[in-house]
Amino acid sequence: MTVAQLAGHRIWMPGIVPGTEWAAYYDDLVAEFGLTIEATGPNFGSDALLDTIADTPALATFMGGQTRLVWPAGHGLRRIPVTNPMPVYPHSLLWHAAAGGGFTMRRGRTRSRRSSAACARTPDA
């Protein structure tokens, strides 16, 4: 299923806090693809989320394909891959860069720049 095909479906992502990177990410998805994303209610975890999705046939959610959870028997839920484009959380890019050593290298460069800048400053009199 493409992201554009999700337009018109209610997608529930509880616990999104306005003004956070996550909220901006979902706002961008809404703007780009005309999605309806509801952030109402607190996030009580995957079990509560899946129970609610199972009880509300018109409701869907995003969950990564590698998310580890006990799939509730009898709920009748399905995982449907979303593509073109595949939604990727911004922190995921850092996580994968860290696994390849890229994040450590970037962090080292940032630290060395900060150290140089700190040495160049003079204290206020």
Side-chain angles (χ1 to χ4, degrees):
M1 173 170 265
T2 66
V3 176
Q5 289 174 315
L6 294 172
H9 297 280
R10 288 175 50 212
I11 301 167
W12 188 43
M13 298 301 297
I16 298 174
V17 178
T20 63
E21 178 182 359
W22 303 108
Y25 172 78
Y26 287 111
D27 288 345
D28 288 348
L29 275 178
V30 166
E32 184 70 25
F33 297 101
L35 303 181
T36 301
I37 296 180
E38 297 178 14
T40 56
N43 182 355
F44 289 123
S46 297
D47 291 342
L49 176 70
L50 294 176
D51 288 344
T52 302
I53 297 295
D55 290 341
T56 314
L59 205 55
T61 193
F62 288 122
M63 187 171 288
Q66 295 181 9
T67 300
R68 294 181 179 183
L69 52 87
V70 176
W71 202 249
H75 272 31
L77 297 173
R78 299 177 309 280
R79 274 193 188 173
I80 301 171
V82 178
T83 59
N84 295 333
M86 177 188 297
V88 176
Y89 290 123
H91 84 280
S92 175
L93 299 174
L94 290 175
W95 184 265
H96 292 292
F103 183 67
T104 304
M105 191 168 56
R106 285 185 195 95
R107 186 178 59 198
R109 276 193 234 141
T110 302
R111 283 186 180 156
S112 68
R113 286 182 184 154
R114 271 196 220 145
S115 297
S116 298
C119 292
R121 286 189 328 189
T122 55
D124 293 335

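Just so you know, these numbers come straight off a predicted model, no measurement behind them.
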Residues Asp51 and His75: side-chain donor-acceptor under 3.5 angstrom: yes
N/O donor-acceptor pair under 3.5 Å between Thr36 side chain and Gly8 backbone: no
Give, for atom [atom1] of [X] and atom [atom2] of [Y], the distance between the pair rounded to the nearest 0.5 Å.
| X | Y | atom1 | atom2 | result |
| --- | --- | --- | --- | --- |
| Asn84 | Gln5 | CG | CD | 9.0 Å |
| Phe62 | Ile11 | CZ | CD1 | 4.0 Å |
| Leu49 | Thr61 | CG | OG1 | 4.5 Å |
| Glu38 | Arg10 | CD | CZ | 4.0 Å |

Write down the atom of [X], the atom of [Y], and the distance for their closest heavy-atom approach.
| X | Y | result |
| --- | --- | --- |
| Val3 | Pro85 | CG2-O, 2.9 Å |
| Tyr25 | Pro87 | OH-CB, 3.2 Å |
| Gly34 | Ala7 | O-CB, 3.7 Å |
| Ile53 | Trp12 | CD1-CE3, 4.3 Å |
| Pro18 | Ala23 | CA-CB, 4.0 Å |

Hphob cluster co-occupancy, Ile80 + Leu29, side-chain heavy atoms under 4.5 angstrom: yes
Same cluster (ILVMFWY, side-chain, under 4.5 Å), Phe44 and Leu77: no
More than 12 heavy atoms of other groups within 6.0 Å of Asp27 CG: yes
